[in-house]
Amino acid sequence: MGRYAIRRLLQLVPVVLGTTFIINYMVWQLPGDPFAGRCGQRPCPDSYVTAMREQFGLDQPILVQYWSFLKNLLTGNLGTDFNGVSVATQLGDAWPITIRLALMAVLFEAIIGIGAGVLSGLKRGGFLDNVVTISTLFLLSLPIFVTGYLLQWILGVQFHVIEPTVTDEATIPELIVPALVLASLNMAFTARLTRTSIVENLRADYVRTAVAKGLTNRRVVGIHLLRNSLIPVLTFLGTEVGSLMSGAIITEGIFNIHGIGGLLWRAINGQDYTIVVPVATLLVLVYLLSNLLVDLLYGVLDPRIRYE
């Protein structure tokens, strides 16, 4: 497994270089000048725009800009935003909040989604199966912003169970409802994917053999059926870690969470690409590393998988 992990890490290098170059190229080549509208109602003087472009290296060729970005990234120097505030400081304040939110969302997806999918698959055609099917269809039909505003209004405004907005500390109890909102769609996908996998594997030869050997239902389901059925679910959940962190913009906006999503949203609106590029790069790294971790966990679930 060690050689496989090293080879996969080496394969990530060209992927990271390619994606970060595309991000840099697309962001800095967007139409409009990010400095032209920073003087309020009046247009900015040409001398100011020229000086700012020189300060942030926008007057250099794209390859020179990208090389400077890589050197700064490797040394941990992310520079400052257009307002002179350290980008690393802003990321350091926002990143832990979004990580907590995303991990809690994945946890809810795993516990509720897999649990509901297993019960639905084992009781196919029964009452629980119908309840899970209807519930997942309901969640899939609601966009995240509808679910978020609905829970915020019901639990926060009407019944005062939660605070409508999250404080700057963003403690774990405060993030429970936002994490449920963020996980709602993927939780439904996880439940349906788990159900499908369970139903397919119930007809597999190894399950019939385990039952014929006289194993208890708990052992058949927990040791044989569930471990094999969770492989596609694990793949889905692993890829969702990076997606949830980038997709938290809406949820963080609804509940006023000062995480990466809110930071990225404000930077996009202000055309402050000194923040957009590092955040997008970090999201790429999280997505790639989570996929690598999922690949390594395959062997834990299914010992028949060998890494070469």
Side-chain angles (χ1 to χ4, degrees), residues 9-99 102 168 242-250 252-253 256-291:
L9 286 173
L10 291 176
Q11 291 173 351
L12 295 183
V13 173
V15 177
V16 171
L17 292 176
T19 52
T20 52
F21 177 78
I22 292 174
I23 291 171
N24 275 268
Y25 180 80
M26 291 184 62
V27 166
W28 294 115
Q29 299 302 315
L30 290 175
D33 194 310
F35 304 111
R38 301 185 64 83
C39 299
Q41 299 296 324
R42 59 181 182 178
C44 291
D46 292 338
S47 58
Y48 168 81
V49 174
T50 302
M52 292 295 288
R53 291 182 64 85
E54 291 178 358
Q55 177 181 342
F56 289 95
L58 299 188
D59 58 334
Q60 301 292 327
I62 183 63
L63 291 178
V64 176
Q65 295 181 41
Y66 180 63
W67 177 246
S68 299
F69 166 77
L70 284 181
K71 289 193 299 182
N72 292 333
L73 183 65
L74 292 175
T75 58
N77 177 23
L78 300 180
T80 61
D81 63 10
F82 292 162
N83 295 318
V85 181
S86 171
V87 174
T89 300
Q90 296 182 66
L91 290 178
D93 294 337
W95 197 255
I97 297 175
T98 299
I99 289 178
D168 293 340
S243 300
L244 285 174
M245 297 191 70
S246 60
I249 296 177
I250 297 175
E252 291 185 1
N256 193 33
I257 301 173
H258 300 294
I260 289 294
L263 180 64
L264 186 60
W265 177 255
R266 292 189 297 272
I268 292 174
N269 285 335
Q271 291 185 305
D272 196 337
Y273 304 137
T274 57
I275 295 177
V276 175
V277 173
V279 169
T281 301
L282 289 176
L283 292 177
V284 168
L285 292 175
V286 170
Y287 187 87
L288 294 176
L289 292 177
S290 62
N291 275 270

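Note that this is a predicted model, so its numbers are computed, not measured. Quick note: numbers below take in every heavy atom, side chains included, and nothing from hydrogens, waters or symmetry partners.
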Take Asp81 and Gln90 through the side-chain hydrogen bond (donor to acceptor under 3.5 Å, both in side chains) test and state the conclusion after the steps. CA-CA 10 Å; Asp81 63 10; Gln90 296 182 66; 2.9 Å; yes
After noting the C-alpha distance and the side-chain angles of Thr274 and Asp272, does the key distance pass the side-chain hydrogen bond (donor to acceptor under 3.5 Å, both in side chains) rule? CA-CA 6 Å; Thr274 57; Asp272 196 337; 2.4 Å; yes
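A donor-acceptor pair is defined here as one N or O able to donate and one able to accept, closer than 3.5 Å; no such pair exists between the side chain of Thr281 and the backbone of Thr20. A donor-acceptor pair under 3.5 Å is formed between the side chain of Arg53 and the backbone N or O of Leu58. Side-chain N or O atoms of Asn83 include none that pairs as donor or acceptor with a backbone N or O of Val85 at under 3.5 Å. Side chain of Ser290 to main chain of Tyr287: a donor-acceptor pair is present (N/O by atom type, distance under 3.5 Å, no hydrogens or angles). One N or O on the side chain of Gln65 and one on the backbone of Gln60 form a donor-acceptor pair closer than 3.5 Å.
With rounding to the nearest 0.5 angstrom, the CD1 atom of Ile260 is 7.0 Å from the CG atom of Leu283. For the atom pair Leu73 CG and Ser68 OG, the distance stands at 12.5 Å (nearest 0.5 Å).
Checked against Val279 for a side chain to side chain contact (heavy atoms under 4.5 Å, CB included), the options Leu264, Val284, Ile23 give a single hit: Leu264.
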Contacts table for residues 12-19: side-chain donor-acceptor under 3.5 angstrom, sequence neighbours left out:
{"unit_1": "Thr19", "atom_1": "OG1", "unit_2": "Val15", "atom_2": "O", "d": "2.8"}
{"unit_1": "Thr19", "atom_1": "OG1", "unit_2": "Val16", "atom_2": "O", "d": "3.1"}

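Residues satisfying the side chain to side chain contact (heavy atoms under 4.5 Å, CB included) criterion with Asp93, sequence neighbours excluded, are Thr89. Qualifying side chain to side chain contact (heavy atoms under 4.5 Å, CB included) partners for Asn256, counting only residues two or more places apart in sequence or in other chains: Thr165, His258. Judged as a side chain to side chain contact (heavy atoms under 4.5 Å, CB included), and not counting sequence neighbours, the contacts of Ile97 are Arg100, Ala170, Ile257. Applying the side chain to side chain contact (heavy atoms under 4.5 Å, CB included) rule to Ile22 yields the partners Met26; only residues at least two apart in sequence or on another chain are considered.
Between Asn72 and Leu78 there is no side-chain heavy-atom pair separated by less than 4.5 Å. Within the 4.5 Å cutoff, the side chain of Leu263 has no heavy atoms near those of the Trp95 side chain.
For Gly261 against Thr98, the heavy-atom pair with the smallest separation is N-OG1, 4.0 Å. Summarising the geometry of Leu91 relative to Pro96, their closest heavy-atom pair is O-CD, 4.2 Å, with the distance given to 0.1 Å. Across all their heavy atoms, Thr80 and Val87 have their closest contact at C-CG2, 3.6 Å. The two residues Pro278 and Ile275 make their nearest non-hydrogen contact at CD-O, 3.2 Å.
Residue pairs meeting the ring-ring contact (aromatic ring centres under 6.0 Å, His included) criterion with at least one member in residues 43-75, sequence neighbours excluded: Phe21-Tyr66, Phe35-Phe56, Phe56-Phe82.
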